[in-house]
Every structure is written in structure tokens, then in C-alpha cells.
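Quantities reported herein were computed from a predicted structural model and do not represent experimental measurements. A, B, ... follow the sequence lines: proteins, then strands. Residue 1 opens every chain.
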Amino acid sequence: MTYLSDSIIEWYEKYGRKKLPWKSIEPNPFHIWVSEIMLQQTQVTTVVPYFQKFIARFPNIHTLAIAREDEVMSLWSGLGYYARARNLHKTSKIIEKQFNGFFPTSFHDLISLPGIGRSTAGAIMSLAYNQSYAILDGNVKRVLARFHQVSRPGSETKYESSLWDLANKHLPNKENDKYTQAIMDLGATICKRSKPDCDICPLKTKCQSFHFNTQDAYPMPAKKIRIRKMNKTFIVFRNREKIYLEKRTLNDIWGGLWSFMETEDKKNIQAIIKDFDRNSKIVKKLEPFIHKLSHREIKINTVIVETSKNTDNFFALNEINFGLPKPVAQIIEHLKLER
DNA sequence: AATTCGGGGCT
DNA sequence: AGCCCAGAATT
């Protein structure tokens with residue numbers, strides 16, 4: 001099958017996005033890898049400023065591999081899905097040690113690395129090395145689901161599998177790098193989720209959804225996830241200009257970032273405070289606010305506690321340079337303004 | 001096979 | 001207010 005790839009590549013020559021910051025005349029595998037990880041479940045416009053700051057600080061694998069994890073997390077702060085950053089760092093060390101600092105060039109080696117799955121490995125093989133591998137991101141899924149009117153059976157696995165088959169079937173026999181970029185660009189700029197610009201789409205003469213006017217029905221919607229609502233109380237221990245922070249464990253949200261002590265049960269607040277410092281007391285409560293995640297909705301309460309303790313985990317507001325969850329960063333900004 | 005993991009853009 | 005985004009790892 002070459003109609004689809006030929007048409008898309010031809011379209012890309014005229015209308016594709018060729019100036020994204022991770023693109024260069026000579027492909028840079030390190031840049032492509034970092035961008036692919038940042039772009040997982042994250043839109044291009046969100047990623048661009050993070051990518052530029054990240055590359056300015058870590059221009060190559062070596063600088064990343066020898067960095068402190070806290071600094072890596074700091075540059076990821078606000079981007080979300082923090083396991084991506086931890087895996088990125090972990091993988092840079094693996095490449096330094098096990099691959100002698102050379103970025104892997106085979107699909108087998110790439111997919112063995114933390115944070116690199118089938119689609120990301122395919123993207124690197126294609127975009128960095130012009131090898132014939134498919135990707136299956138949200139853009140490609142949408143284009144293929146519409147082009148073929150792919151239905152979503154009971155089994156999600158079968159649906160994914162049939163899309164992968166189509167993605168492989170449509171691979172061109174040359175210019176795979178250009179094709180991969182092209183089909184993503186088409187999905188992002190023409191074959192959009194809502195109001196696709198079918199009239200100027202290079203695939204319209206053979207697109208099933210255009211023919212039957214079913215663009216809104218494809219891709220068929222995924223199963224709805226239910227959003228868990230929960231409460232959290234952040235306990236901000238403050239000693240003059242310094243506040244207490246601790247590093248979060250990896251098996252929860254915001255893993256590896258620094259945060260306040262917290263509880264989900266308000267009845268525990270007094271006990272936690274007295275356990276920390278029996279002479280401390282609550283001096284203030286901030287206005288509660290809702291922090292929304294894609295799978296949770298957290299009502300965040302904040303209590304400020306004055307303490308005279310001053311351990312290693314106390315930091316001046318202006319010297320905090322590691323990763324912070326969004327709501328924690330918000331609260332710290334608020335505290336700075338009060339000064 | 002289903003759930004978990006962020007935060008933001010767009011409608 | 002709800003859905004989706006250059007998905008992968010874990011349960």
C-alpha cells in the first residue's frame with residue numbers, strides 16, 4: 001500500500017511542520033529521544049519551552065547522565081508523568097555504561113530501555129535513522145481509524161493490534177523518516193479531533209470516513225475513566241524563612257518530586273504536628289483549592305505550622321531548585337508573595 | 001486486560 | 001465539563 005504514504009509525503013513537502021526545535025538537518029538522536037519522551041501524552045505547544053530549557057542544560061547524553069536526579073526533576077517540574085523524567089535519567093546512565101555512551105541504533109536495544117516502548121522505539125528508528133518502523137501515537141491512530149473506519153471491538157487489545165497492523169501495512173518503501181513526521185503533522189493540523197479540514201486533506205479521495213461522512217464517529221471513543229475525588233491536607237512546617245519539604249516515594253503521584261508533609265485524613269493533622277514538634281502550632285490555613293489530574297480530583301487544604309525545628313529538610317523559599325508538584329509550587333509562590 | 005500516572009489545550 | 005494529547009509501566 002503506498003497511496004496513503006505517497007499522498008502524505010507529498011503533502012508534507014508543502015505543508016509539514018519542519019521547524020520544531022528537535023528537528024535539524026542532520027537528525028540528532030539525543031534530541032529526538034528527549035522530545036519523544038516529553039511528547040508522550042503531551043501536546044507540542046506544551047513541550048516546546050520545556051525541551052529548550054532541558055537541552056540548554058543537558059546538551060548531550062553525558063551531561064544528563066552525570067546530573068543530579070533532583071535537577072533533572074526540576075527541569076521536568078510542571079510537565080507531569082514524572083516517571084518519564086526518572087526513566088530518561090536512568091536510561092542516560094545505562095547508555096553511558098552499557099553502550100559506551102553511544103546512542104543505541106537498533107529497535108531491540110531501544111525498546112529494552114526504561115521509558116521506551118514500541119511506539120517511541122519506532123519513532124526513534126524512523127526519525128533518527130530512517131529505518132522502516134511504524135509508530136502509533138494519537139495522531140496516527142486518528143488518521144488510520146478514520147481512513148479505514150476502524151471499529152473498536154470489545155477488546156481494547158484487538159483494537160490496538162489492528163491499528164498496529166495498518167500502521168505497518170502503510171509504511172513506505174523509502175523516506176520513512178519523512179513519512180513518520182508527515183503522518184503526525186497531518187493528524188495534528190488537518191485530521192484534527194474535532195472539525196477536521198477534510199476539504200484540503202490529501203487523503204480525501206480514499207478516506208472511508210470522508211466518503212461516508214463519519215469523521216465524528218472515528219476514532220471510536222475509549223471507555224470512560226472515572227475520576228476519583230479525594231482530599232489532601234498539606235502541612236507546611238515553617239521556621240522563619242524556611243519551610244520543610246520531603247522527597248516523595250516513587251509508587252504514588254508526583255514520585256521523586258519534593259512536597260510538604262501531607263495527610264488524607266484530617267483527623268490526623270494534630271497528631272502529625274505534635275509528633276513532628278510538640279511545641280509547634282497552626283498559625284494559618286490557606287483557602288482550599290481543587291487540583292485536577294486526568295484521573296483524580298484533589299481538594300487541597302493547607303495548614304501553616306510554626307516550628308522551631310531546623311533539620312536538613314528545611315529550605316529557604318528562594319533556594320528551592322528541585323522538582324515540585326504543581327499545587328506545591330503554587331503554595332510556595334503564595335508564601336513568597338506574603339513576604 | 002485493566003489501571004495508573006500530570007497537566008494543559010481545546011471545544 | 002469532558003475529551004484528548006508524538007504512551008509506558010505496573011497491577
Within the 4.0 Å limit for protein heavy atoms, which parts of nucleotides 4-11 of chain B are touched? Write it as a string from 5' to 3', B for base, S for sugar-phosphate only, - for none. SBBBBB-S
Taking only residues two or more places apart in sequence or in another chain, which ones pass salt bridge (Lys or Arg N to Asp or Glu O under 4.0 Å) with Lys229(A)?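 If we apply the salt bridge (Lys or Arg N to Asp or Glu O under 4.0 Å) test to Lys229(A), skipping adjacent residues, there are no hits.
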Glu69(A): what forms a salt bridge (Lys or Arg N to Asp or Glu O under 4.0 Å) with it, not counting sequence neighbours? Lys247(A)
Which residues pass the side chain to side chain contact (heavy atoms under 4.5 Å, CB included) test with [X], sequence neighbours left out?
| X | answer |
| --- | --- |
| His295(A) | Ile225(A), Ile253(A), Leu293(A) |
| Tyr133(A) | Phe107(A), Met125(A), Gln131(A) |
| Ile227(A) | Glu297(A) |

Record whether the side chain of Arg86(A) comes under 3.5 Å of the base of dA9(C) through a donor-acceptor pair of N or O atoms. no
Please write out which residues are connected to Val305(A) in a hydrophobic cluster, directly or through intermediates, given that two of Ile, Leu, Val, Met, Phe, Trp, Tyr count as joined at side-chain heavy-atom separations below 4.5 angstrom. Ile235(A), Phe237(A), Tyr244(A), Met261(A), Ile269(A), Ile272(A), Ile273(A), Phe276(A), Ile282(A), Val303(A), Phe314(A)
Under 3.5 Å, is there a donor on one side chain and an acceptor on the other for Arg84(A) and Asn87(A)? no
Which pairs, protein N/O on one side and nucleotides 1-3 of chain B N/O on the other, fall under 3.5 Å?
unit_1	atom_1	unit_2	atom_2	d
dA1(B)	OP2	Thr157(A)	OG1	2.7
dT3(B)	OP2	Lys223(A)	NZ	3.3

Contact check, residues 119-128 of chain A vs DNA chain C, heavy-atom distance under 4.0 Å, returns Ser119(A), Thr120(A)
With sugar-phosphate meaning primed atoms plus P, OP1 and OP2, does Val44(A) contact a base, only sugar-phosphate, or nothing at under 4.0 Å between heavy atoms?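 Val44(A): base contact, heavy atoms under 4.0 Å.
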Which whole number of Å gives the distance between the P atom of dG8(B) and that of dA8(C)? 22 Å
Taking the P atom in each of dC5(B) and dA6(C), what is the distance between them to the nearest angstrom? 23 Å
Is there a salt bridge (charged side-chain N to carboxylate O under 4.0 Å, His left out) between Lys93(A) and Glu96(A)? Walk through the geometry before answering. CA-CA 5 Å; Lys93(A) 292 170 180 290; Glu96(A) 281 276 279; over 6 Å; no
Can you name the residues that form a ring pair (Phe, Tyr, Trp, His ring centres under 6.0 Å) with Phe289(A), not counting sequence neighbours?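 Phe289(A) satisfies ring pair (Phe, Tyr, Trp, His ring centres under 6.0 Å) with no other residue.
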What residues, two or more places apart in sequence or in another chain, satisfy ring pair (Phe, Tyr, Trp, His ring centres under 6.0 Å) together with Tyr81(A)? none
Would you please enumerate the stems DNA chain B participates in, each stem being three or more consecutive Watson-Crick or G-U wobble pairs with both distances under 3.5 Å?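 B:1-5 with C:7-11, B:7-11 with C:1-5 - these are the stems of 3 or more pairs that involve DNA chain B.
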